[in-house]
There are 2 protein chains.
Amino acid sequence: MNPPIPLRRRVRTSAVTLKDVAERAGVAPITVSRAINSPDSVSPSLRALIDVAVAELGYVPNRFAGALASAESRIIPVIVPSLSNAVFIEVIEGIQAILEAEGYQLLLGNTQYDLERETALVSTLLGWSPAGIIVAGLRHAERTRALLRGCGRPVVEIMELGTRPIDMNVGLSHSRAGTMMGEHLIARGYRRIGFVGGWLDGDYRAMQRFRGLDRALAAAGLERRPPFTFAGGSSPEIGGDQLLAVMAQAPELDALFFANDDLAVGALLRAAHAGIAVPGRIAIAGFNGLGISALTRPSLTTIVSPRCLIGETAARKLLARVAGTSSGPDRVDVGCHLAIREST
Amino acid sequence: MNPPIPLRRRVRTSAVTLKDVAERAGVAPITVSRAINSPDSVSPSLRALIDVAVAELGYVPNRFAGALASAESRIIPVIVPSLSNAVFIEVIEGIQAILEAEGYQLLLGNTQYDLERETALVSTLLGWSPAGIIVAGLRHAERTRALLRGCGRPVVEIMELGTRPIDMNVGLSHSRAGTMMGEHLIARGYRRIGFVGGWLDGDYRAMQRFRGLDRALAAAGLERRPPFTFAGGSSPEIGGDQLLAVMAQAPELDALFFANDDLAVGALLRAAHAGIAVPGRIAIAGFNGLGISALTRPSLTTIVSPRCLIGETAARKLLARVAGTSSGPDRVDVGCHLAIREST
DNA sequence: CTGAAAGCGCTTACAG
DNA sequence: CTGAAAGCGCTTACAG
């Protein structure tokens, strides 16, 4: 007699399954599941048996089966506009530190400052049944907003602070940061102050910093100028080029507020090369408070944003919501502070 | 009569399922599945119907169900030792650019230069049935190696190049890079050359660069010194501190090769502050070729590694393996080149 | 505290 | 080219 031939053969996802462990331990699969997910609901004696079986077999739970059955996964997508900017890296590190300790996995999405890509990413990432989602910014396509509103999962919008977040919101006011820097420059005696940033349509948080500066200039009765913009991203190289370009175009300026430290540090380095005295001929300021900003010569006046804290706070609030515990108000202003240094 | 009461109510993972689309389009669910995953296997007329239904209902496939059924997911974990180092960010960007275009998701793991954390990460991440896995470095715990060998999925080890990779290997020879820099410094006339790097037990690629330098010194019959090490990571701040510390300890040195550009740039900035002439009093060199290295004053001599290319190549080779197509040899040397600038 | 049954939403393996 | 059935490996919802 031939043994019965199985009609269907399937690929096995994992070598060892819950069933294998259950057989080894002499219990039902569901008991193994409980021993792993809520140990307290299983008697100590069975739990011990099961723990041994798990260890002996080297059992690793299949995340897909678990997620499919429970309709929730320990995945948390984090959507940022860029990785080139060190700011988002630090936010991501802050998030990861918290998530990993709780057994959650971070799924990285990069929109490259493109709101349509953001929609596509959100749509795809929701297919992973995430426990929640963290997304940079408050500005989204209508469809993105609808997806996030309708997904029934906690959402944290980070970096900036607004009045109508989708759900939770952790960040700082970029226009207030701009005003803060404007007031500093004015107090220092600068009177012809310009703003330099690339591609402000995409990086609208930089645009808000410009608006904040503009408000300070208006309040002081000083001349207001449109921002000096250019196509492209932010790097020290570009910052250096822009310093020279802007000074050629508007030689009357006595201070420049760059959209971020990457640009401002480049401007400082280029000024040194070109023999432009900072702040004697022109003052230079940045935004972010990257480590390097304190080390240049002259050191850079900038606004320090608590990136790591943003990430940690966002992750904590998300996990608290998932767990059903309270984590205080849904809107957290992490603030920022002015670091006054030699360049202004 | 009451309608029959369903005995079990379950959470629905996604609002719209394959079945919903199938009903709307008047076909079987499997046909919808085919229309989405291998459109060519469905007749154009049905495909059109299905496309409409998908769009109308806003269907997003449940990744977990798909992964569970097929025992493969479009997930590719990438395990790096650090995110603070810009080098790994650029590698990750390179990987992501390729993966995203093919509909794969990157799952980020950060070992923080801890091989036990690496083992735990690999174990967890394999629970996601990844299509393959990319991991930085060739040095792993025995258990990590066993997990990767036994997982039956393509593995790419990146950054450095070795003779016994687990599977595929994309990187460069760090000892050769060290030798290259050593030969450059010797050719420039420097004779008392030191190496500075933090925590070389963990960052053993930096250690390999030291060994390469040491080999060049030996070949030239010059005095060899143990590396100047310290506890802690790499940042411009630390680089500046170390410059002063090493010069106090070994004032006879006429050139310093720093383990990376983060340290070296900090050393250059600190030298400027402290009035130490570079390269007159002491030459300074780095490794990586970060953008900022070309902008300091003096600009930094360094070795440029093709980070983005490493990421792209690793991702391409992994996907080729998944697809069963060829992508050339399993071991790719991406090389590196010396950028000779003002600091040496 | 423990378990048998049903089901999560897909894809595989056949069959036509 | 299309489909009915079975199954992927878990968890939920009951029942005891």
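Nothing here was measured: the structure is a model prediction, and the numbers come from that model. Quick note on labels: first sequence line is chain A, next is B, and so on, each numbered from 1.
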Pair B:S129-B:S73, side-chain donor/acceptor within less than 3.5 Å: no
Would you say the side-chain atoms of B:S84 and A:E93 include a donor-acceptor pair closer than 3.5 Å? yes
Residue-phosphate contact under 4.0 Å: A:T31 side-chain N/O, C:dT2 OP1/OP2: no
Would you kindly give the [atom1]-to-[atom2] distance between [X] and [N], to the nearest whole Å?
X	N	atom1	atom2	result
A:R63	C:dC10	CZ	P	22 Å
B:R34	D:dG3	CZ	P	8 Å
B:L68	C:dC10	CG	C1'	8 Å
A:F64	D:dT11	CZ	P	14 Å
B:E72	C:dT11	CD	C1'	10 Å
B:L18	D:dA4	CG	P	13 Å
A:W128	C:dG9	CH2	C1'	14 Å
B:K19	C:dG7	NZ	P	11 Å

Cationic N near anionic O, under 4.0 Å, A:R117 to B:E100: yes
With a 3.5 Å distance limit and no angle check, can you tell me whether A:N169 reaches the backbone of A:G162 through a side-chain donor-acceptor pair? yes
Keeping the roles fixed (side chain from B:Q105, backbone from B:I76), state whether a donor-acceptor pair exists under 3.5 Å. no
Between [options], which one does the side chain of [X] approach most closely?
X	options	value
B:T17	D:dG3, C:dA4, C:dG9	C:dG9
A:N62	C:dT2, D:dC10, D:dA4	D:dC10
B:A69	C:dA13, D:dC8, C:dG3	D:dC8
B:S70	D:dT12, C:dC8, C:dT11	C:dT11
A:I30	C:dG9, D:dC10, C:dG3	C:dG3

Map every base of DNA chain C to its dot-bracket character, where paired means a Watson-Crick or G-U wobble contact with both distances under 3.5 Å and | marks a partner outside the strand. |||.||||||||.|||
Beyond-backbone contact of A:V156 with A:D167, side-chain heavy atoms, under 4.5 angstrom: no
What's the shortest heavy-atom distance between A:V42 and A:R47, and which atoms? O-NH1, 3.4 Å
Correct closest heavy-atom pair for B:L125 and B:P77 would be CD1-CB, 3.7 Å
Which part of the nucleic acid, if any, lies within reach of A:A28 when heavy atoms closer than 4.0 Å are counted: base, sugar-phosphate only, or nothing? sugar-phosphate
Run the numbers on A:Q96 and B:N110 for side chain to side chain contact (heavy atoms under 4.5 Å, CB included), then give the verdict. CA-CA 9 Å; A:Q96 212 193 18; B:N110 181 351; 3.4 Å; yes
Would you jot down, in residue-number order, the residues of residues 41-54 of chain B having a non-hydrogen atom under 4.0 Å from DNA chain D? B:S41, B:V42, B:S43, B:L46
Parallel, tilted or perpendicular: which describes the rings of A:F64 and B:F64, with under 30° parallel and over 60° perpendicular? tilted
